[in-house]
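Sequence positions, counted from 1, serve as the residue numbers for this chain.
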Amino acid sequence: MTDEELAIEGQNLKKSKILHALAIGFLAGILVFGLIAWALSSEQNFGFLIPMLIPVFFIHRMLKKPNKNKELEEL
């Protein structure tokens with residue numbers, strides 16, 4: 001790859017990391033809000049906690065997926 005292509009890919013990698021961090025923060029906020037709402041509710045049904053597993057699943061997938069751009073990061 002040329003230097004220009006590497007610079008463009010580096011910018012794309014930086015944007016991707018920022019978007020992933022924002023998505024993880026958003027999902028974590030949903031999770032915290034849901035848990036606080038459950039804890040403060042008068043009826044604490046455990047069925048309400050099952051949908052809270054969805055953000056946990058997506059956060060786990062984002063954190064554990066293999067890094068496709070590992071070689072580009074090393075440059």
Side-chain angles (χ1 to χ4, degrees):
M1 295 181 112
T2 65
D3 289 339
E4 292 176 14
E5 290 174 344
L6 285 175
I8 292 171
E9 289 295 322
Q11 290 173 350
N12 290 341
L13 179 64
K14 186 176 180 181
K15 289 178 186 177
S16 174
K17 283 185 175 186
I18 291 172
L19 287 175
H20 279 218
L22 285 172
I24 289 171
F26 178 72
L27 290 171
I30 290 173
L31 180 64
V32 168
F33 182 78
L35 290 175
I36 290 173
W38 175 77
L40 295 176
S41 69
S42 60
E43 298 176 8
Q44 292 184 345
N45 297 333
F46 285 103
F48 180 74
L49 291 177
I50 292 172
M52 291 294 108
L53 294 175
I54 296 169
V56 171
F57 172 73
F58 284 122
I59 291 171
H60 178 72
R61 270 186 74 188
M62 284 182 165
L63 291 176
K64 295 296 178 185
K65 79 174 186 179
N67 191 358
K68 298 176 186 174
N69 300 320
K70 195 150 209 108
E71 294 176 1
L72 185 59
E73 285 180 1
E74 293 175 359
L75 292 176

Here the gap from Leu31 atom CG to Ile36 atom CD1, rounded to the nearest 0.5 Å, amounts to 10.0 Å
Does atom CD of Gln44 have more than 12 heavy-atom neighbours, drawn from other residues, nucleotides or ligands, at distances under 6.0 Å?
yes
Same cluster or not: are Phe48 and Val32 linked, directly or through other Ile, Leu, Val, Met, Phe, Trp or Tyr residues, by side-chain heavy atoms under 4.5 angstrom apart?
no
Shared ILVMFWY cluster between Leu63 and Phe58, side chains joined below 4.5 angstrom?
yes
Is there a path of hydrophobic side-chain contacts, each under 4.5 Å between heavy atoms of I, L, V, M, F, W or Y residues, that connects Ile59 with Phe57?
yes
Interatomic distance, Leu13 atom CG to Ile18 atom CD1 [nearest 0.5 angstrom]:
10.0 Å
Quick check for you: to the nearest 0.5 Å, what is the distance between Phe33 atom CZ and Ile30 atom CD1?
10.0 Å
Minimum heavy-atom separation for Met62 and Ile24, please, with both atom names.
SD-CG1, 3.5 Å
For Leu27 and Pro55 the tightest heavy-atom approach is O-CB, 3.7 Å
